[in-house]
There are 2 protein chains.
Amino acid sequence: MQPNEYMKLEHQLCFAFYTCSREMMKLYRPLLSPLGLTYTQYITLLSLWEQDGVTVKELGAKLFLDSGTLTPLLKKLEAMGLITRTRDKADERSVIIELTAKGQDLREQAAEVPTKLYAGTNVRIEDIQAMHEHIQSFLRKIGEVTGGREAER
Amino acid sequence: MQPNEYMKLEHQLCFAFYTCSREMMKLYRPLLSPLGLTYTQYITLLSLWEQDGVTVKELGAKLFLDSGTLTPLLKKLEAMGLITRTRDKADERSVIIELTAKGQDLREQAAEVPTKLYAGTNVRIEDIQAMHEHIQSFLRKIGEVTGGREAER
DNA sequence: TGCCATTAAATTGTATGCAATTTATTATTC
DNA sequence: GAATAATAAATTGCATACAATTTAATGGCA
């Protein structure tokens with residue numbers, strides 16, 4: 001590769017991630033909009049549907065987000081009646097997030113989102129598997145440096 | 001895969017892209033901060049260093065960004081003395097973006113960013129190539145649906 | 001030529017992201 | 001056991017993203 005080839009936009013891996021992420025969110029929008037959810041709210045609920053009763057800190061470790069992003073987002077979900085935010089009696093520094101009945105019910109409607117997502121695209125599900133694994137392996141490697149998901153240990 | 005396995009966070013490809021994108025930006029930050037640039041400003045300049053004298057529309061097609069994001073960002077780069085924004089004489093609807101001498105000079109300092117990026121990580125450059133190509137192929141496929149980079153045809 | 005559809009930026013409003021700081025609480029140490 | 005360090009959320013300030021709308025200019029057509 002020529003020296004300044006490295007500076008071309010098309011060779012930037014991060015730009016590919018960045019663009020793929022945002023283009024995929026555009027695939028999600030028509031599926032999430034009827035549920036009244038944004039993409040970030042959706043992945044937050046995905047995490048809570050797997051396990052709720054977690055602290056903001058724990059949720060942030062799973063989503064790679066800090067309180068600066070989560071606090072307003074969780075307040076929004078609370079205002080929508082999907083979750084509750086309660087100070088932990090055992091440690092008043094922590095806030096525990098739990099799903100309401102309404103928040104649990106929403107899971108049923110969201111269940112079809114993953115399967116509908118690639119409808120209309122030429123993407124083959126099989127192709128995604130390998131790529132997904134490579135990306136996750138990559139993420140672990142750079143996470144060692146950026147400190148991403150540090151609370152996971 | 002179990003039915004509700006599809007709803008697990010770890011199986012969401014978009015979440016992998018989304019997280020990789022943001023974690024990589026954290027790798028960039030210490031390299032770009034001394035140059036006074038954010039990541040979005042950096043990729044905008046990468047594009048302009050390849051070709052300037054382009055309209056906001058053309059730049060947006062390359063970066064997958066619209067005027068809502070680009071206009072304030074370009075005004076910022078203009079305020080920093082790196083670019084000029086000029087109405088196209090031939091078509092007053094368009095604004096043409098050009099690098100200033102200062103903006104061109106910054107390219108030299110930014111030249112070491114791509115090579116320094118993976119320093120300290122366990123990432124093997126060879127591993128990145130294949131993954132990168134798969135991602136770009138994937139992006140083209142979903143772009144057919146989302147309309148991404150529509151002005152490219 | 002005048003009207004209307006189209007187009008490019010800019011603007012507006014909402015929702016993130018994240019660094020840095022602040023506040024409140026808990027853990028530690030001397 | 002009081003002073004200090006550490007921790008978890010919340011807050012603040014700045015920079016995106018993007019849908020939707022607005023403004024200004026151009027193109028097409030009767």
Side-chain contact check for K57(A): nearest option of dA9(D), dA19(D), dA17(D) is dA9(D)
* Asked: Looking only at side-chain N and O atoms, does K75(B) come under 4.0 Å of OP1 or OP2 in dA15(D)?
  -> no
Between dA9(C) and S67(B), is there an OP1 or OP2 to side-chain N/O distance shorter than 4.0 Å?
no
**Asked** So, is R85(B) close to the dA10(C) phosphate, meaning a side-chain N or O under 4.0 Å from OP1 or OP2?
**Response** yes
Testing dA8(D), dT6(C), dC18(D) for proximity to the side chain of S94(A), the answer is dA8(D)
Among dA6(D), dA10(C), dA19(C), the one nearest any side-chain atom of K26(B) is dA19(C)
| said: dT16(C), OP1 or OP2 - any side-chain N/O from T38(A) closer than 4.0 Å? | reply: yes
Heavy-atom nearest nucleotide on DNA chain D taken for R29(A) and for G68(A); more 5' hit belongs to G68(A)
Are any of the side-chain nitrogens in E78(A) or K75(A) under 4.0 Å away from the carboxylate oxygens of its partner?
-> no
Would you indicate what L70(A) reaches in the nucleic acid, counting non-hydrogen atoms under 4.0 angstrom: base, sugar-phosphate, or nothing? nothing
**Asked** Does a side-chain N or O from Y39(B) land closer than 4.0 Å to OP1 or OP2 of dG17(C), or not?
**Response** no
Which of V54(A), T44(A), L48(A), I43(A) passes side-chain contact (heavy atoms from CB on, under 4.5 Å) with K62(A)? It is V54(A)
Contacts of T69(A) and R22(A) projected onto DNA chain D by closest heavy atom; the upstream (5') one is T69(A)
L63(B) CG to dA15(D) P, in whole Å, measures 18 Å
Rounded to the nearest 0.5 angstrom, the NZ-CG distance for K8(B) and L46(A) is 12.0 Å
Counting only heavy atoms from other residues, nucleotides and ligands, does the tally under 6.0 Å from NE2 of H134(A) exceed 12? no
- Indicate whether OP1 or OP2 belonging to dG17(C) is found under 4.0 Å from a side-chain N or O atom of T40(A). yes
L73(A) atom CG is separated from dA17(D) atom C1', nearest whole Å, by 15 Å
Rounded to whole Å, the CG-C1' distance (D88(B) to dA8(C)) equals 11 Å
* To do: Could you tell me whether the phosphate oxygens of dA15(C), OP1 or OP2, come under 4.0 Å of any side-chain nitrogen or oxygen in K76(A)?
  => yes
Atom CZ of R93(B) and atom C1' of dT7(C) are separated, to the nearest Å, by 5 Å
Note to self: Any side-chain N or O of T71(B) below 4.0 angstrom from OP1/OP2 of dA10(C)?
What the structure shows: yes
Here the distance between atom P of dA8(D) and atom CG of L59(A), to the nearest Å, is 14 Å
To the nearest angstrom, the CG-P distance between L65(B) and dA9(C) comes to 13 Å
Whole-Å distance, I96(B) CD1 to dA8(C) C1', equals 12 Å
Report task. For the residue pair F17(B) and F138(B), categorise the inter-ring angle as parallel (less than 30°), tilted (30 to 60°) or perpendicular (more than 60°). Result -> tilted
- Exceeds 12 heavy-atom contacts within 6.0 angstrom, atom CZ of R124(B): no
Residue pair D66(A)/D91(A) against DNA chain C: nearer the 5' end by closest nucleotide is D66(A)
Here the distance between atom P of dA17(D) and atom CD of Q41(B), to the nearest Å, is 10 Å
